[in-house]
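Scroll down for the structure; my scribbles are underneath it.
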Amino acid sequence: LDHSLILYGSGMSESNTHLRLDVPTLLVGGDGGRLKGGRHIKAAPETPLANFMLGLGHRFGAEMDRFGLSTAAMDV
């Protein structure tokens, strides 16, 4: 896991109503020592999951202004 990065989660928090807010997501691994572990990050209410994905893309060097319905990149 020290040299891996695994993303686990879902696109919805409540599948009966297709709710896309407060989606539980787990990011596991050390990314070769570049990712600080042992953290629990809670986003502000109604933050799109796309903000997390945009921040993750930036971590890997992707030059993107937006990802889906993102509003700003989340610091990963």
Handout entry: Derivation and outcome, side-chain contact (heavy atoms from CB on, under 4.5 Å), residues Leu5 and Phe60
Key = CA-CA 11 Å; Leu5 199 57; Phe60 286 101; 3.5 Å; yes
Exercise for the section: Apply side-chain contact (heavy atoms from CB on, under 4.5 Å) to the pair Phe52 and Leu27, showing each step before the final yes or no. Expected result: CA-CA 11 Å; Phe52 173 74; Leu27 188 62; 4.0 Å; yes
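Other residues, nucleotides and ligands contribute only 12 or fewer heavy atoms inside 6.0 Å of the CG atom of Leu69.
Interatomic distance, Arg66 CZ to Thr71 OG1, rounded to the nearest 0.5 Å: 8.0 Å. One distance of note links CZ of Arg59 with CG of Asp31; it measures 5.0 Å at 0.5 Å rounding. Note that CG of Leu35 is 11.5 Å distant from OG of Ser4, once rounded to the nearest 0.5 Å.
Between Met74 and Ala43, the shortest heavy-atom contact is CE-CB, 3.3 Å. For Ser70 against Ala50, the heavy-atom pair with the smallest separation is N-CB, 3.5 Å. Nearest heavy atom pair, residue Leu56 against residue Val76, reads N-CG2, 3.7 Å. Nearest heavy-atom pair across His58 and Met64 is NE2-O, 2.9 Å.
Leu7 and Leu26 sit in two unconnected hydrophobic clusters of ILVMFWY residues. Membership requires side-chain heavy atoms under 4.5 Å apart, directly or through other members.
Judged by distance alone, the side chain of Asp2 and the main-chain N or O of Gly30 form no donor-acceptor pair under 3.5 Å.
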